[in-house]
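Heads up: the structure comes next, in structure tokens.
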Amino acid sequence: MPQYWLKPVGHTQPTPSPIPDDWAPERGLDGFELTTGPANVQDPPQMRRGDRVLLHAVVLGRAFAEGEILGEASWQPHRPDGDRWPWVYPCRIETWVPLVKDGPRTTDFAPEQAVDRIQAGWECARLSEVQYRGLLGALLAAPGVHAV
């Protein structure tokens with residue numbers, strides 16, 4: 001049975017680094033790799049193969065993509081930004097907006113506890129299936145949405 005997650009992408013510290021508004025050409029959809037912390041090999045992240053994940057753009061504050069985690073995380077600390085996000089998951093993106101600004105505001109649909117958690121710097125926030133489906137519904141209603 002899958003678990004459901006809200007996963008921030010980008011960061012605010014030490015300096016704000018939002019995901020580009022036109023994110024898909026840079027990150028790509030085929031072979032999408034989801035990077036995360038914690039930056040410690042002894043403390044792997046909680047997400048697992050088969051889990052569902054909604055991506056939240058840090059700084060811009062919008063949900064912009066949704067997909068399934070296809071495999072377990074691999075430890076890759078020598079990648080760019082691997083000192084902060086050394087864990088890499090293969091992920092299939094199934095729903096997305098080409099422009100982040102067209103995605104729904106995460107705070108309008110995600111539970112306050114999940115938003116607080118990612119704003120506090122946690123690598124992800126668990127959602128209930130109902131919460132996940134509510135935010136996914138908002139993403140599916142966004143202008144220009146694509147769904148597989």
Side-chain angles (χ1 to χ4, degrees), residues 1-24 26-29 32-142 145:
M1 181 170 205
Q3 294 186 56
Y4 302 91
W5 302 96
L6 181 62
K7 173 70 179 92
V9 178
H11 58 84
T12 58
Q13 294 187 17
T15 58
S17 180
I19 186 167
D21 189 37
D22 187 15
W23 70 278
E26 180 179 303
R27 294 290 299 256
L29 295 172
F32 186 84
E33 292 183 324
L34 184 61
T35 59
T36 192
N40 178 331
V41 72
Q42 291 82 20
D43 189 18
Q46 300 175 39
M47 298 181 291
R48 298 286 179 252
R49 182 173 50 100
D51 286 356
R52 305 300 300 192
V53 61
L54 275 157
L55 303 182
H56 161 81
V58 174
V59 179
L60 300 172
R62 295 184 179 270
F64 66 95
E66 179 273 340
E68 178 182 359
I69 295 175
L70 299 176
E72 298 303 326
S74 62
W75 176 254
Q76 299 181 32
H78 301 301
R79 295 170 49 104
D81 291 325
D83 57 327
R84 290 184 73 172
W85 301 288
W87 294 98
V88 180
Y89 288 96
C91 186
R92 179 178 54 239
I93 300 297
E94 297 180 357
T95 307
W96 72 95
V97 289
L99 300 176
V100 173
K101 69 180 180 189
D102 290 336
R105 289 190 183 282
T106 306
T107 55
D108 291 347
F109 298 95
E112 185 177 342
Q113 181 181 11
V115 172
D116 289 348
R117 184 175 171 92
I118 60 175
Q119 288 178 341
W122 288 86
E123 68 270 5
C124 60
R126 191 184 312 259
L127 299 173
S128 71
E129 184 176 359
V130 170
Q131 294 165 337
Y132 185 87
R133 299 237 176 258
L135 186 51
L136 176 57
L139 179 60
L140 285 166
V145 69

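Because the structure is a prediction, the values reported are computed rather than measured.
The 12-atom threshold is exceeded at CD of Q76, counting heavy atoms of other residues, nucleotides or ligands nearer than 6.0 Å. Counting non-hydrogen atoms of neighbouring residues, nucleotides and ligands closer than 6.0 angstrom, the CH2 atom of W75 exceeds 12 such neighbours. By the 6.0 Å contact criterion, CZ on R79 is enclosed, its count of non-hydrogen atoms from other residues, nucleotides or ligands being greater than 12.
Rounding to the nearest 0.5 angstrom, the gap separating the CG atom in L99 from the CG atom in D21 is 5.0 Å. Taken from CH2 in W122 to CD in Q46, the straight-line distance is 8.0 Å, to the nearest 0.5 Å. Within the model, atoms CZ of R52 and CD of E66 stand 4.0 Å from one another, a figure rounded to the nearest 0.5 Å. For the atom pair N40 CG and Q42 CD, the distance stands at 4.5 Å (nearest 0.5 Å). How far CG of L29 is from CZ of R92: 12.5 Å, rounded to the nearest 0.5 Å. Atom OG1 of T95 and atom CG of L139 lie 6.0 Å apart (nearest 0.5 Å).
Across every non-hydrogen atom of L34 and M47, the tightest pair is CD2-CE, 4.4 Å. The minimum heavy-atom distance linking G10 with V58 is given by the pair O-CG2, 3.6 Å. Residues G134 and F109 come closest through the heavy atom pair O-CD2, 4.5 Å. Heavy-atom minimum distance, P38 versus P44: CD-C, 4.4 Å. Summarising the geometry of H56 relative to I118, their closest heavy-atom pair is CD2-CD1, 3.4 Å, with the distance given to 0.1 Å. Heavy atoms only, all atoms of each residue included: D51 and W5 are closest at OD2-NE1, 2.9 Å.
Between F64 and I19, the closest side-chain pair of non-hydrogen atoms falls below 4.5 Å. Taking 4.5 Å as the limit, every side-chain heavy atom of L55 sits out of range of all side-chain heavy atoms of W23. Between T36 and C124 the shortest side-chain heavy-atom distance does not fall below 4.5 Å. Side-chain contact between D81 and T35: absent, with no pair of heavy atoms (C-beta onward) separated by less than 4.5 Å.
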Can you check side-chain contact (heavy atoms from CB on, under 4.5 Å) on L136 and R133, steps first, answer last?
-> CA-CA 5 Å; L136 176 57; R133 299 237 176 258; 4.2 Å; yes
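With R48 contributing its side chain and P45 its backbone, the two residues share a donor-acceptor pair below 3.5 Å.
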